[in-house]
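One structure is given below, encoded as structure tokens.
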Amino acid sequence: MKKTLTGLKPSGELTLGSLIGAIKQMKDYQEDYDSYLFVPDLHAITVPQDPKELKERIRKNVGLYLACGIDPKRNTIYLQSENLYHANLSWVLECTTYMGEASRMTQYKDKTSKGENVSVGLFTYPILMAADIILYDADYVPVGIDQKQHVELARDIATRFNNKYGNTFKIPEPLIPKTGAKIMDLQAPTKKMSKSADNYKGTILLLDPPETAKKKIMSAVTDSDNLVKYDPINKPGISNLLTIYSSLKEIPITEVEKHFQDYNYGSLKKEVAEVVATTLTTIQKKYQEIINSNIINEVLDAGREKTTKLAEAKLKEVYHKIGLER
Ligand code: ATP
Ligand code: LTN
């Protein structure tokens, strides 16, 4: 069976973008693939974190995975930090990655373009991400478009290693959703909806009260021509709302465009707001049942045990190939 693998950093609250770009894909594919969904908590500390908040968010992430419909029977769910082999393989891969290729990562370039003083970990994080993926021979990595370049780096790193030391790693492929590869900020629809945004009016959090989420949709920035059309370049705000609706209702964007063609912006927003609120209500109901139960610990214990064995075997193979043995 082919493997899918992805992770969502606990560096902030998960958003509607996280759901549509990554979690929903894992849910949709979970019947057909051997699925690995983890919490990249070591990635979260590439930027400063409050220890107490980080601990809470790690647990919240797992609770939200399950509440969003990720089936623990079909998915291996684990914490990156509980499996020491991720960071270990990452070191080996760092030593086979060129400064030039790591420096080309646009996310790093964007984050450092403002001249902020950043950690070395922020620079090397795509290499740790490559380790996360190739450690388990993942075939597909469901991610939003912003992560495509990182998966491509993982492919390059794995290919180079295989060429030099013999076939060791599967070459992973990014799986980008056809609709919703980049959900935009509701207040600045040319920017990605982000959990680390400055303005929370533009981001819908999965744990936002549904009424708050509705208000955020109702005050989304649009344009002034009052014409409902899917045109991300010229009408980014309206196109974003159509995309959210299309993805949550699982209706192709062309049909969504037809459905709304005679609507004015106010009534379009109202209907999108209803769909978003219903989605959040369903997730939050399940989340409340899960978050204080023991299921999170049970799932993570099983995940740690399974992935530690797999990762240990892979790292041993790598060490053997590169001559790290007595
Ligand atoms: P941030 O929200 O702070 O920008 P991030 O997206 O870099 O964080 P994660 O939460 O780890 O970090 O991302 C989880 C996954 O969700 C990734 O696959 C990412 O591509 C996807 N994703 C996040 N935001 C969006 C979005 N607005 N649209 C589509 N996919 C998204
Ligand atoms: N870098 C990703 C999170 C991440 C990930 C991964 C995604 C870490 N390791 C492995 C897919 C596969 C991010 O910032 N969103």
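Only heavy atoms go into these numbers, but all of them, side chains included; no hydrogens, no water, no symmetry mates. Each ligand, and each atom within it, is numbered from 1 in the order the structure gives.
Between H150 and Q147, the side chains place a donor N or O and an acceptor N or O closer than 3.5 Å (distance only, hydrogens not considered). When only modelled atom types and interatomic distance are considered, T15 and S18 share a side-chain donor-acceptor pair under 3.5 Å. If you check the side chains of S267 and N264, you find a donor sitting under 3.5 Å from an acceptor. A donor-acceptor contact closer than 3.5 angstrom links the side chains of Q107 and Y125. No donor-acceptor contact under 3.5 angstrom links the side chains of S35 and K3, judged on distance only. D231 and S239 share no donor-acceptor pair across their side chains, judged by distance under 3.5 Å alone. Under the 3.5 Å distance criterion, with hydrogens and angles disregarded, a donor-acceptor pair is assigned to the side chains of Q49 and R57. In this model, a donor atom of one side chain and an acceptor atom of the other lie less than 3.5 Å apart for T168 and K321.
Considering only non-hydrogen protein atoms, atom 9 (N) of ligand 2 sits nearest to D132 OD2, 2.7 Å. Nearest protein heavy-atom contact of atom 1 (N) of ligand 2 is M129 SD, 3.1 Å. What sits closest to atom 7 (O) of ligand 1 on the protein, heavy atoms only, is K9 NZ, 3.3 Å. The protein non-hydrogen atom at the shortest distance from atom 13 (O) of ligand 1 is L8 CD2, 4.5 Å. Nearest to atom 29 (C) of ligand 1 among the protein's heavy atoms is A181 O, 3.3 Å. From the protein, the heavy atom lying nearest to atom 7 (C) of ligand 2 is G7 O, 3.5 Å. Among all non-hydrogen protein atoms, the one lying nearest atom 8 (O) of ligand 1 is K195 NZ, 3.2 Å. Annotation: atom 11 (C) of ligand 2 to nearest protein heavy atom, T6 OG1, 3.3 Å. For atom 2 (C) of ligand 2, the nearest protein heavy atom (residue, atom name, distance) is Q147 OE1, 3.4 Å. Here the protein heavy atom with the shortest distance to atom 22 (N) of ligand 1 is G17 O, 3.7 Å.
Here V141 has side-chain heavy atoms under 4.0 Å from ligand 2, and that is the only part of it that gets that close. Here I133 has side-chain heavy atoms under 4.0 Å from ligand 2, and that is the only part of it that gets that close. Contacts between K9 and ligand 2, counted as non-hydrogen atom pairs separated by less than 4.0 Å, involve the side chain only. The side chain of F38, and not its backbone, has at least one atom closer than 4.0 Å to an atom of ligand 2 (non-hydrogen atoms only; side chain from C-beta on). Contacts between K182 and ligand 1, counted as non-hydrogen atom pairs separated by less than 4.0 Å, involve the backbone only.
Between T6 and ligand 1, a contact under 3.5 Å exists for no N or O pair. An N or O contact shorter than 3.5 Å links S196 to ligand 1 by distance. The distance criterion of under 3.5 Å between nitrogen or oxygen atoms is met by G144 with respect to ligand 1. Not one N or O of L14 is nearer than 3.5 Å to an N or O of ligand 1, by distance alone. Residue A22 has no nitrogen or oxygen atom sitting less than 3.5 Å from a nitrogen or oxygen atom of ligand 1, judged on distance alone.
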Chi angles and distances behind the side chain to side chain contact (heavy atoms under 4.5 Å, CB included) call for L54, I45: CA-CA 9 Å; L54 179 60; I45 62 163; 3.8 Å; yes

Before giving the answer on side-chain hydrogen bond (donor to acceptor under 3.5 Å, both in side chains), spell out for K306 and T76 the whole-Å C-alpha distance, their side-chain angles and the decisive distance to 0.1 Å. CA-CA 8 Å; K306 177 173 168 187; T76 304; 2.9 Å; yes

Using the rule given for salt bridge (Lys or Arg N to Asp or Glu O under 4.0 Å), can you reason through D223 versus K235, listing the C-alpha separation, both sets of side-chain angles and the distance that settles it, and then say yes or no? CA-CA 7 Å; D223 52 59; K235 300 173 74 68; 3.2 Å; yes

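Atoms of ligand 1 lying under 4.0 Å from at least one heavy atom of G180, given by number and element, are 29 (C). Of all the atoms in ligand 2, the ones that sit under 4.0 Å from a non-hydrogen atom of P40 are 4 (C), 8 (C). Near Q107, the atoms of ligand 1 lying under 4.0 angstrom from a non-hydrogen atom of the residue are 7 (O). In the vicinity of V143, heavy-atom distances shorter than 4.0 Å reach the ligand 1 atoms 18 (O). Contact atoms of ligand 1 toward G21: 29 (C), 30 (N) (distance under 4.0 Å to a heavy atom of the residue). Counting atoms of ligand 2 from 1 in the listed order, those under 4.0 Å from a heavy atom of Y125 are 1 (N), 13 (C), 14 (O). Ligand 2 places these atoms under 4.0 Å from at least one heavy atom of H43: 8 (C), 9 (N). Each of the atoms 24 (N), 26 (C), 27 (N) of ligand 1 lies under 4.0 Å from some heavy atom of M193. Close contacts of ligand 1 with I183, meaning ligand atoms under 4.0 Å from a residue heavy atom, involve 26 (C), 27 (N), 28 (N), 29 (C).
Note on ring orientation: taking the six-membered ring where Trp is involved, the planes of F38 and H86 are tilted (angle from 30° to 60°). Between Y33 and Y29, the ring-plane angle classifies as perpendicular under the 30° and 60° cut-offs. Taking the six-membered ring for Trp and thresholds of 30 and 60 degrees, Y263 and H259 have ring planes inclined between 30 and 60 degrees apart.
Crowding of L84 atom CG: a count of heavy atoms from other residues, nucleotides or ligands under 6.0 Å not exceeding 12. The neighbour count for K249 NZ, taken as heavy atoms of other residues, nucleotides or ligands under 6.0 Å away, does not exceed 12.
No donor-acceptor distance shorter than 3.5 angstrom exists from the side chain of N75 to the backbone of I70, with no hydrogens or angles considered.
When the options K192, M129, Q147 are ranked by their closest heavy atom to atom 5 (P) of ligand 1, first place goes to K192. Taking each of S194, G12, P40 in turn, the one with a heavy atom nearest to atom 1 (P) of ligand 1 proves to be S194.
The existence of a salt bridge linking D28 and K24 is confirmed by a sub-4.0 Å separation between a basic side-chain nitrogen and an acidic carboxylate oxygen. Ion pairing between E13 and K60 holds under the 4.0 Å rule for side-chain N and carboxylate O.
For H43, the heavy-atom gap to ligand 1 stays at 4.0 angstrom or more. For the pair D146 and ligand 1, a heavy-atom separation below 4.0 Å is found.
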